[in-house]
Amino acid sequence: MEETSTMPDPAVPGPAPAVPPTPPVPLAALLAREDLGLRQIAGPQDSATVIHWAHTSEMADPYPYLLGGELLLTAGVHVPEAAGSGTYFDDYVSRIVEAGGAALGFGVAPVHDTVPRALVVACDDYGLPLVEVPPRTTFSGVARAVWQLMAQARHTELRRVTEAQQSLAAAAARPDPVPSVLRQLAQRVGGRAALYAPDGGEVASAGRMPTAGAGAGARGEVSGALAGLVAVVRPATGNGSGAGTGDVSAGSGTGTGKGPGGGGPTPSSASDTAAGVHLAAYALGTGQGFVLGVAAPRRDPGDHTIASVGAVLLSLLTGEHQSSTGAARSSALVRLLLGAAPEEVAPLLGGGERWVVVHARPDGPAPDAVTASALGAALGSALVDVDGDVVRVLVPAGRRELTVQPGWTCGVSAAVGPHEWGSGDTQAGRALSRARATRARLVRHGEHQGLADLVPPTEAAAHARTVLAPITANPALTETLRTWLSLHGSWDRTAVALSVHRNTVRQRITRCATLLSTDLDDPDVRMELWFALRQA
């Protein structure tokens, strides 16, 4: 089937050639395939020549059907008999080059016994690689080989990106996360990575500035070009988010950049520096004006993805340590460690006078830092602690209504003041135990008024100490009795709440009855013990 199209006007510049998201294939790798028997007979033999796809066309002017970057395959059906004596091949090759074609493959047989000499000369004149395709090799076989090489390159790229992501994440977890991430990023791209402050100064860096062997002078030139690109990419205001990239010429000092409004790290147009170095800059989504600058000796597939991962990690690190809320939380922790009272540091945490403690346990595997942070965000607090298989969250009371969280079982304390955080923690823990025992998603510690509120607290506490004295020395007995009474004497639910065997519950309750010298089947006894346990 012949191709048909309206001829574009050569005087009107067309759009820049598009390239696919798949990794390009070096022409040298295709020539190295012994099963194809391809041979380059004209044009520059440059190892940097790559092809993005293979396309077959027998049109005299293939320009309308080329996207750029392809290996154009032809058997010369379109070539007139007198082509060698005129300008036919010059016109033909010039149109391929104008369309952005990467190379031309000419099939020997069945139309031509050899590659026309005038075509060889034209490809040499226009710098277009010309490949001879032997009779035994079909064009479909060449196209299949291109896609096979692309698949291999894609697999290699994905493996490289995956390994880099893992190493960058591990670096972010080190005691010196920012320098560690920069070192790992510089190693992965084979160049230099630097973090720039909002004022343009270099905060930290790692790796060597690549100069393509041009010497120390070029190193300074590239460094200046990178700083210039950072200035272009940096958000104009401190409320930006996301990241942008750009490339800049070290010779001219001009460049292009994409700011944070672009919706995340996106590659800019490829433009290496005068010293043969590729530069990129990423505005970190911290709202603080930090920028990541990267200088690499070349632009390899996957480099942008790797640098974007590094930018995201650095955004999290700089956001946590440089934001006002992060600094306030750090200050509150230091003051607590140095002996300040909770009520003195509470204002630094952004809450009011009343707080709620939440204990939560996931339905699935034990929680990690990421899932715990997500739960804290859902509850409206960054004050999160992972304690084994339980996540504890300190939430300002009244900030938002605490509701059931999908995938979690939660216990919620009563609203308490900072000096009662410890009591709130105990209440939330008991509420969680009750929630698990009753298979409820959320249980709140009761705040209603009762008969117990009619007794002065000091007298109630003294009475509780007297009643519970025989078992006070054994916290396991006290907690088992409390849980057993709260669950109306259910052995199975108490066992679930305490994570012990039901026989253990029976043994402990029997021991309590013996030490207290009382009948636990008597409802009056149970009521008095429950009153005492509430005051303990």
Side-chain angles (χ1 to χ4, degrees), residues 316 320 325-326 329 332 342 346 349-450 452-453 479-502 505 530 533-534:
L316 295 174
E320 172 65 23
T325 55
R329 289 197 298 270
L349 302 177
E353 297 181 355
R354 308 292 286 175
W355 298 75
V356 170
V357 182
V358 178
H359 280 213
R361 186 166 179 169
D363 296 343
D368 55 21
V370 176
T371 56
S373 296
L375 175 64
L379 295 175
S381 176
L383 303 174
V384 180
D385 171 49
V386 181
D387 186 10
D389 57 358
V390 174
V391 175
R392 302 188 297 178
V393 187
L394 186 59
V395 183
R399 174 168 294 183
R400 65 175 66 176
E401 179 66 21
L402 298 182
T403 58
V404 173
Q405 301 299 314
W408 294 87
T409 300
C410 299
V412 182
S413 76
V416 296
H419 64 286
E420 299 174 310
W421 281 343
S423 298
D425 184 51
T426 301
Q427 293 174 5
R430 292 172 180 170
L432 175 61
S433 296
R434 184 172 180 82
R436 294 186 61 234
T438 58
R439 293 184 174 86
R441 281 299 181 183
L442 185 145
V443 169
R444 303 175 187 273
H445 181 80
E447 291 185 291
H448 61 278
Q449 296 290 319
D453 298 304
E479 192 61 29
T480 301
L481 180 60
R482 183 196 313 276
T483 306
W484 183 73
L485 290 173
S486 72
L487 296 172
H488 311 291
S490 171
W491 309 109
D492 292 330
R493 290 185 177 184
T494 303
V496 171
L498 297 177
S499 299
V500 297
H501 194 274
R502 67 194 306 272
V505 176
W530 180 247
L533 289 166
R534 289 286 302 273

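We're numbering straight along the sequence, starting at 1.
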Parallel, tilted or perpendicular: ring planes of W484 versus W491, cut at 30 and 60 degrees:
tilted
Whether the side chain of R434 engages the backbone of V443 through a donor-acceptor N/O pair (distance < 3.5 Å, no angle test) should be reported. no
* Does a donor on one side chain and an acceptor on the other come within less than 3.5 Å for H359 and D425? -> yes
Minimal heavy-atom distance between A415 and V356, with the atoms involved, is CA-CG2, 4.1 Å
Value for CG (L442) from OG1 (T409), rounded to nearest 0.5 Å, stands at 9.0 Å
Tightest non-hydrogen contact, residues A497 and R436, listed as O-NH1, 4.0 Å
Here the pair of heavy atoms bringing S490 nearest to T494 is O-OG1, 2.6 Å
Rounded to the nearest 0.5 angstrom, the CG-CZ distance for D387 and R392 is 5.0 Å
Heavy-atom nearest pair, L349 first then A332, reads CD2-CB, 3.6 Å
* **Pair R493-R502, side-chain contact (heavy atoms from CB on, under 4.5 Å): steps then yes or no** => CA-CA 9 Å; R493 290 185 177 184; R502 67 194 306 272; over 6 Å; no
Could you tell me whether the side chain of V391 reaches within less than 4.5 Å of the side chain of V384, counting heavy atoms only?
yes
Does the side-chain contact (heavy atoms from CB on, under 4.5 Å) test come out yes or no for V357 and V393, once each step is laid out?
CA-CA 6 Å; V357 182; V393 187; over 6 Å; no
Separation between NE2 (H445) and CG (L432), nearest 0.5 Å, reads 14.5 Å
Shortest non-hydrogen pair, P418 vs P342, comes out as O-CB, 3.3 Å
Going by heavy atoms in the side chains, are W355 and L383 under 4.5 Å from each other?
yes
Self-check item: Under 3.5 Å: donor-acceptor pair, side chain of S499, backbone of A495
Solution: no
Could you tell me whether R441 and D363 make a salt bridge, using a distance below 4.0 angstrom between a side-chain N and a carboxylate O? yes
Interatomic distance, CG@L379 vs CG@L394, rounded to 0.5 Å, equals 11.0 Å
Separation between SG (C410) and CG (L402), nearest 0.5 Å, reads 8.5 Å
- Heavy atoms, side chains only, cut-off 4.5 Å: are R430 and R482 in contact? yes
Looking only at heavy atoms, the pair that brings W408 and A360 closest together is CE3-CB, 3.6 Å
Can you tell me if S413 uses its side chain to pair, donor with acceptor, with the backbone of Q427 under 3.5 Å?
no
